[in-house]
Each structure stands twice: as C-alpha cells, then as structure tokens.
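Remarks on the structure that follows.
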Amino acid sequence: LIQAITRSDNRTSVKINLSHAVFGIGAILGPLLVAILTAEYLPNIMITTVAIAALSLLLLSGLRWNVEVDNQQIQVVRNKPMLAVFFVGIAFYVGLEVSAGSWLPTLMQERTGSLESGAISGALFYLMFTIGRIVATPLSHKISAERLLLGSVGLAFPVLMLAIVFQSFAPFGIALMGLLIGPVFAAASDWIAVRTPGDPLATTLLLLAAMTGALILPPSAGFLLERFGADVLPILLAPILLVSIGCFGYMIRHWRLAV
C-alpha cells in the first residue's frame, strides 16, 4: 500500500500524510474496542477489521496501481551510501517510537503503582502521535517533506531534554514528543520517493528499516530499564533520537537529486 501511495502517478504529499494519520487512528481504535468489548470478542474484532480493510481497497481505485518504472529507459543510479544513512535514520526513528509507546506505561505504572495509569499513559502517547500525523496532513501543502521531517525530530529533542531534567514532567514530555514525531514516517516516505524516482527498492528499504528498528531497539531498551529502573527511559530515548536527527540532517544536506 505504501508503494502504491508514494509511487503512483497521482501521488501527493497530502495523500501520504492522510494515509499515515488513518493508520494512527486505527492504532487507537483497536485497543479501545478490546477494552470496551473485552478480550472475549477479540476474534470477532479481528475478523471484522480484516473484512473492512478488504472492502476499503475498493475505495482506492483512483490510484494508478503501477509502481514507478523507468519508462524513458534512463538507468536508475542508486546512491548506496545515502540509502544506508536513510536506513539507519528510519530504523532508529521507529525504534524510538515503539520504545516510547511500549515502555511509557511501564514508567507510569512503576511510579504510581497503578496498571490503569500505565494504560492511560500509553493511550495518551498514541493519541498525541496520531494528532501529530493529522496536523501534518494540511501542513504538507505548505511545508516540504524534508523540512517537516527534520523539523519534527529537531523540535522533539528539547522536549525530551526537559523530560530528562524534570522527572515529574517525563511522562508528559514523552507524550508530547509523540505529537512532534508523528509526521516523520509519512514525511520520510514522501521524501525518499522524490529522491529515488523509478527505484521502488528505496521504499522497500524504508519498510525493512522500520521493522529492523522495531525489532531490535525496544527489547534492548527493556533490558536496560529492567536493570536501571524505568525512570531512565527518557535518558535511553535521547541517544536514539540524536542518531535519527544526525542521519536525517546529513542525508538532507548532502543527498542531491540526479540531473
């Protein structure tokens, strides 16, 4: 679906951002339905969700479902060093997102002793994250993908620093960070499609990087949290965010479009 949206002939930044915003809404509605209907209805929820998703494909007929090809017989030149930097940046960004969303409830539960407060903090993070994606949709009309990408991670860093300095602010700071980093993945999807015309492998690398970051970094953070306590969560997130900022800043500055 990401390949079709980002590399179809009638792609737009608004479509890309809107599709990711809807994904965030689903991330909230899923757990909410389970909480309301109880886990007993989980199989029915899953079957209904899959059926709705399948039917919704009929609404995507406006997209031209041809992945970009080299119609003009121009050889695709891959900038492998920059693709590697992009891969690392996305892996660390997704690792940041999943680590924050997964371990923030643990931080709150450890501080308050309440499972409910932990669940609420997790819901708050993904609510803020989704709001960030929704707000980015109209902004993509006026702001380029690279500015939205670098601006999102850049603004998130001082918020995370405040969460480190003021421990009482940490849960809210991490949730606010979720609001700021919400637009990153959509902006990155848009940016890499523009930088690599006719080369859908770059978008495939985007998805592979996301899965790699989600697989490695959250369990690693969990191991350290178990050893040092959940209060160090903002400190663990800071270097992960810094790596993303460094990678995105470097590739935006040095990756030039081929002419």
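- Looking only at side-chain heavy atoms (C-beta outward), P171 and S121 stay at 4.5 Å or farther from each other.
- Taking every heavy atom of both residues into account, A136 and L148 meet most closely at CB-CD2, 4.2 Å.
- Side-chain atoms of D190 and L149, non-hydrogen and from C-beta on, never get closer than 4.5 Å to each other.
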Could you go through L83 and I192, starting from their C-alpha distance and side-chain angles, then the distance that decides it, and tell me whether this counts as side-chain contact (heavy atoms from CB on, under 4.5 Å)? CA-CA 9 Å; L83 282 174; I192 196 64; 4.2 Å; yes
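- The backbone N or O of A202 lies less than 3.5 Å from no partner atom in the side chain of T196, so there is not a single donor-acceptor pair.
- The pair E146-R253 does not count as a salt bridge, with every side-chain nitrogen at least 4.0 angstrom from each carboxylate oxygen.
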Report all side-chain donor-acceptor pairs from residues 228-241 shorter than 3.5 Å, counting only partners two or more places apart or in another chain.
| residue | atom | partner | partner atom | Å |
| --- | --- | --- | --- | --- |
| D231 | OD1 | R111 | NE | 2.9 |
| D231 | OD1 | R111 | NH2 | 3.3 |

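- Following chains of ILVMFWY side-chain contacts shorter than 4.5 Å, one cannot reach V165 starting from V159, and the two form parts of different hydrophobic clusters.
- You'll find the side chain of L206 reaches within 4.5 Å of the side chain of S189, heavy atoms only.
- Heavy atoms only, all atoms of each residue included: E97 and Y126 are closest at O-OH, 4.3 Å.
- For the atom pair M46 CE and N44 CG, the distance stands at 11.0 Å (nearest 0.5 Å).
- When side chains are defined from C-beta on, L124 counts as touching M128, because their heavy atoms get closer than 4.5 Å.
- The distance from the SG atom of C247 to the CD1 atom of I90 is 9.5 Å, given to the nearest 0.5 Å.
- Taking each heavy atom of F87 and A209 in turn, the nearest pair found is O-CB, 3.4 Å.
- Between M82 and Y250, some side-chain heavy-atom pair lies under the 4.5 Å cut-off.
- F166 and L160 are members of different hydrophobic clusters when ILVMFWY side chains are connected at heavy-atom separations under 4.5 Å.
- Within the 4.5 Å cutoff, the side chain of R195 has no heavy atoms near those of the N79 side chain.
- Considering every non-hydrogen atom in both Q167 and I164, the closest pair reads CG-O, 4.3 Å.
- Placement of F172 and L162 within a single hydrophobic cluster is found when ILVMFWY residues are connected by side-chain heavy-atom separations under 4.5 Å, directly or transitively.
- Rounding to the nearest 0.5 Å places OG of S152 at 15.5 Å from CZ of F157.
- With a 4.5 Å cut-off on side-chain heavy atoms, R147 and L139 do not count as touching.
- For the pair R133 (side chain) and P183 (backbone), a donor-acceptor distance under 3.5 Å is absent.
- Within 6.0 Å of CE on M161 lie more than 12 heavy atoms contributed by other residues, nucleotides or ligands.
- Side chain of S99 to backbone of L96: no donor-acceptor contact under 3.5 angstrom is found.
- Looking at every heavy atom in both residues, V94 comes nearest to A214 through CG1-CB, 4.0 Å.
- From T106, atom OG1 reaches atom CD of Q109 across 6.5 Å, with rounding to the nearest 0.5 Å.
- One distance of note links CD of E226 with CH2 of W103; it measures 8.0 Å at 0.5 Å rounding.
- Considering OG of S144 and CG of L150, their distance stands at 10.0 Å, rounded to 0.5 Å.
- V184 and V135 fall within a single hydrophobic cluster, where Ile, Leu, Val, Met, Phe, Trp and Tyr are joined by side-chain heavy atoms under 4.5 Å apart, directly or via other members.
- Between I174 and L107 the shortest side-chain heavy-atom distance falls below 4.5 Å.
- Judged by distance alone, with hydrogens and angles left aside, the side-chain atoms of Y93 form a donor-acceptor pair with the main-chain N or O of I181 at under 3.5 Å.
- Nearest heavy atom pair, residue I45 against residue T49, reads O-OG1, 2.7 Å.
- Hydrophobic clustering of Ile, Leu, Val, Met, Phe, Trp and Tyr side chains at less than 4.5 Å, counting indirect connections, unites I245 with W191.
- Under the 30°/60° scheme for interplanar angles, the aromatic rings of F129 and F125 are found to lie parallel.
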